[in-house]
Amino acid sequence: MIAILSSLLFLLVLPLCLPAWSLLLLTLAGGVARPKPAPAGRRPTLAVLVPAHNESGHLRPTLDNLRGQIAAGDRLLVVADNCSDDTAAQAREGGAEVVERFDSARRGKGYALAFGIRHLAASGQPEVVAVVDADCIVSPGALEHIARLAAHHGRPVQMLDLMVSGPAASLRARILEFAWRMKNWVRPQGSARLGDACHLMGTGMALPWPLLGQAQLDHGHLAEDMALGLDLALAGRAPLFCTEVRLTSQFVADAGVARTQKARWEHGHLAAMGQHLPRLLRGAWQRRDAALAALALDLVIPPVALYTAVVAALTVTLGLAALLLPELLLPALGLVLASGAAFVLAIGLAWWRCARDLISARELLALPLYALWKLPIYVAYAIGRRSAWVRTRRGGAD
């Protein structure tokens with residue numbers, strides 16, 4: 001009887017341990033980038049879509065950067081969405097085509113993108129549409145590079161999307177930047193190696209018009225970019241990851257606003273897990289699809305801070321209980337300890353690969369404190385307080 005109960009407990013704990021092994025697998029697989037050179041031939045026509053909600057103070061540098069990369073016949077379209085400032089005027093002065101949208105009941109980036117796509121459809125369809133957020137800077141030649149890839153492969157393309165905290169950033173801000181690098185650099189590189197696929201990140205992405213023109217974006221999903229990429233992957237058009245070019249933006253300066261912004265991202269990720277993970281796993285199994293399997297491996301990983309808290313709580317709980325019932329609990333405790341070790345190893349490898357310039361090995365030990373800082377985000381999600389698309393004040397992180 002004890003053996004049966006011990007096995008059942010082991011099976012109950014197993015799903016909570018899988019994210020650690022998934023993170024380790026993606027980290028190991030992502031050690032070497034898969035090159036995505038731009039195909040030769042005719043340059044496809046391009047529209048750059050910039051959704052903007054009260055971004056007057058940050059829009060002009062982005063438009064100057066984008067205008068330097070578009071060619072004759074391309075379009076630079078700003079969707080000024082529910083703006084109460086002079087975003088639209090700034091966009092026109094910055095040389096962009098502008099459409100304004102006002103709908104206080106339907107708020108969210110997905111609605112803004114859908115509005116811009118309908119405008120493009122009514123006034124001449126480009127071959128490729130790139131989406132760049134209103135506070136981002138893309139590297140030289142980035143737009144042409146991902147536009148050529150998207151047109152050539154008939155699939156979405158995601159460039160490397162990084163946020164930076166600035167040279168005088170606090171430890172908390174630098175840990176946040178490390179977590180961003182893990183999610184947007186290390187893990188996508190791993191899924192690209194395993195299945196030639198990645199998740200869309202909402203900015204720095206290009207899509208062929210036949211895919212984007214049919215996309216369902218007119219909703220308030222908190223992770224509209226991830227949802228779009230997963231829908232396309234399930235349709236056989238998984239996004240490609242391109243590290244040859246990149247896009248950068250600044251973390252917010254205000255700690256309270258940073259928490260709000262982070263809450264939106266992570267609530268969106270948790271919602272996408274619940275809605276799309278079963279479909280991905282079923283599709284990967286039924287179709288033997290490596291791209292869907294790789295995306296599922298990534299999607300099964302909850303936010304790192306949340307998972308840190310889960311593993312710590314499991315270890316302490318099972319460890320104390322095993323003192324009283326060792327025969328019943330030791331197998332489950334062993335699994336949790338091994339998974340915790342895999343999780344720590346994955347974080348250590350990711351730090352070695354992409355963040356030694358950012359935080360020291362000693363500072364890396366502060367990660368559990370970062371997890372505590374973010375616990376209110378997960379409590380809010382658990383009780384149903386979802387985040388919406390709000391403008392965030394950006395600058396050097398404090």
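Note: hydrogens, waters and symmetry copies are ignored here, and every other heavy atom, side chains too, is used.
- Remark: side-chain polar atoms of Ser139 are not paired, donor with acceptor, to backbone N or O of Val245 under 3.5 angstrom.
- The NE2 atom of His53 lies 6.5 Å from the SG atom of Cys83; values are rounded to the nearest 0.5 Å.
- Contact check on Lys109 versus Asp133 returns a salt bridge, with a Lys/Arg side-chain nitrogen under 4.0 Å from an Asp/Glu carboxylate oxygen.
- Looking at Thr87, its side chain does come within 3.5 Å of a backbone N or O of Ser56 through a donor-acceptor pair.
- Between Phe241 and Leu160 there is a side-chain heavy-atom pair separated by less than 4.5 Å.
- In the hydrophobic clustering of ILVMFWY residues, with side-chain heavy atoms under 4.5 Å counting as a link, Leu63 and Leu77 come out apart.
- Between atom CG of residue Asp289 and atom CZ of residue Arg282 there is a gap of 13.5 Å, rounded to the nearest 0.5 Å.
- In this structure, Val128 and Ala151 approach most closely via the heavy-atom pair CG2-CB, 4.0 Å.
- A 4.5 Å side-chain heavy-atom check between Asp298 and Ser22 finds every atom pair outside the cut-off.
- Cluster membership check: Leu113 does not share its hydrophobic cluster with Val50, using side-chain heavy-atom separations under 4.5 Å among Ile, Leu, Val, Met, Phe, Trp and Tyr.
- Going from atom CD of Glu55 over to atom CZ of Arg60 covers 14.5 Å, rounded to the nearest 0.5 Å.
- In Arg362, the CZ atom is not crowded: 12 or fewer heavy atoms of neighbouring residues, nucleotides or ligands sit closer than 6.0 Å.
- In this structure, Leu194 and Ala29 approach most closely via the heavy-atom pair CG-CB, 3.7 Å.
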Does the side-chain contact (heavy atoms from CB on, under 4.5 Å) test come out yes or no for Asp161 and Trp180, once each step is laid out?
CA-CA 9 Å; Asp161 171 20; Trp180 187 273; 3.8 Å; yes
Before you tell me yes or no, could you show the steps for Val164 and Glu177 under side-chain contact (heavy atoms from CB on, under 4.5 Å), namely the whole-Å CA-CA distance, both residues' side-chain angles and the distance that decides it to 0.1 Å?
CA-CA 6 Å; Val164 296; Glu177 184 174 348; 3.9 Å; yes
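- The two residues Val157 and Ala150 have their closest heavy-atom pair at CG2-N, 3.6 Å.
- Contact annotation: the side chain of Thr308 approaches that of Phe343 to within less than 4.5 Å [non-hydrogen atoms, C-beta and beyond].
- Under the 4.5 Å side-chain heavy-atom criterion for ILVMFWY residues, a single connected hydrophobic cluster contains both Val304 and Val300.
- The closest donor-acceptor contact from the side chain of Thr248 to the backbone of Leu162 lies at 3.5 Å or more, if one exists at all.
- Residues Leu18 and Leu314 share a single hydrophobic cluster, defined by chaining ILVMFWY side chains whose heavy atoms lie under 4.5 Å apart.
- When the options Asp225, Val131, Val138, Leu247 are evaluated for a side chain to side chain contact (heavy atoms under 4.5 Å, CB included) with Thr203, the one that passes is Leu247.
- Panel note: side chain Arg67, backbone Gly94; a donor-acceptor pair is recorded below 3.5 Å.
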Could you give me the CA-CA distance, side-chain angles and deciding distance for Trp209 and Ile117, then say whether side-chain contact (heavy atoms from CB on, under 4.5 Å) is met?
CA-CA 9 Å; Trp209 178 262; Ile117 291 165; 3.7 Å; yes
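- Residues His119 and Glu97 are in side-chain contact: their nearest non-hydrogen atoms beyond the backbone lie under 4.5 Å apart.
- From Leu364, atom CG reaches atom CD1 of Ile347 across 7.5 Å, with rounding to the nearest 0.5 Å.
- Side-chain contact between Arg193 and Leu28 is absent, with no heavy-atom pair separated by less than 4.5 Å.
- Salt-bridge check for Glu100 with Arg92: passed, with a basic side-chain N closer than 4.0 Å to an acidic carboxylate O.
- Although no hydrogens or angles enter the test, the distance criterion places no donor-acceptor pair under 3.5 Å between the side chain of Asp135 and the main chain of Ser249.
- Just one of Arg42, Arg148, Arg43 meets the salt bridge (charged side-chain N to carboxylate O under 4.0 Å, His left out) condition when paired with Glu127; it is Arg42.
- Of the possible donor and acceptor atoms, one in the side chain of Asp103 sits under 3.5 Å from a partner among the backbone N and O of Arg106.
- Under the 3.5 Å distance criterion, the side-chain polar atoms of Ser191 are left unmatched by any main-chain donor or acceptor of Ala294.
- With 3.5 Å as the limit, one finds no donor-acceptor pair spanning the side chains of His58 and Gln250.
- The CG atom of Leu49 sits 10.0 Å away from the CZ atom of Arg75 when rounded to the nearest 0.5 Å.
- Cluster annotation: Leu23 is connected to Met226 through the hydrophobic network of ILVMFWY side chains, with a link wherever side-chain heavy atoms come within less than 4.5 Å.
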Given side-chain contact (heavy atoms from CB on, under 4.5 Å), test Asp196 with Arg155 step by step and report yes or no.
CA-CA 11 Å; Asp196 201 23; Arg155 295 167 60 181; 3.7 Å; yes
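- Cation-pi geometry between Arg356 and Trp352 is met: under 6.0 angstrom from the ring centre, within 45 degrees of the axis.
- Ionic pairing of Asp357 and Arg174 is not present here: no N-O contact between side-chain nitrogen and carboxylate oxygen is shorter than 4.0 angstrom.
- Between Gly108 and Asp81 the shortest heavy-atom distance is O-OD2, 4.4 Å.
- Ser84 approaches Asn54 most closely through the heavy-atom pair N-OD1, 2.7 Å.
- Residue Thr317 holds its OG1 atom at 10.5 Å from CG of Leu329, rounded to the nearest 0.5 Å.
- Using a 4.5 Å cut-off on side-chain heavy atoms (C-beta onward), Pro188 and Gln158 make no contact.
- Residue-environment remark: CD (Glu327) stays at or below the threshold of 12 foreign heavy atoms within 6.0 Å.
- Under the 3.5 Å distance criterion, the side-chain polar atoms of His199 are matched with a main-chain donor or acceptor of Leu295.
- Counting only N and O atoms by type, the side chains of Asn82 and Ser104 include no donor and acceptor under 3.5 Å apart.
- Judged by distance alone, with hydrogens and angles left aside, the side-chain atoms of His152 form no donor-acceptor pair with the main-chain N or O of Ala38 at under 3.5 Å.
- The side-chain heavy atoms of Asn65 and Val132, taken from C-beta on, include no pair separated by under 4.5 Å.
- The cationic atom of Arg353 (NZ for Lys, CZ for Arg) does not lie both less than 6.0 Å from the six-membered ring centre of Trp351 and within 45° of the ring axis.
- With a 4.5 Å cut-off on side-chain heavy atoms, Val48 and Asp74 do not count as touching.
- Within the 3.5 Å criterion, the main-chain N or O of Leu171 finds no donor-acceptor partner in the side chain of Glu363.
- When all heavy atoms of Ala322 and Leu333 are compared, the closest pair comes out as CB-CD2, 4.0 Å.
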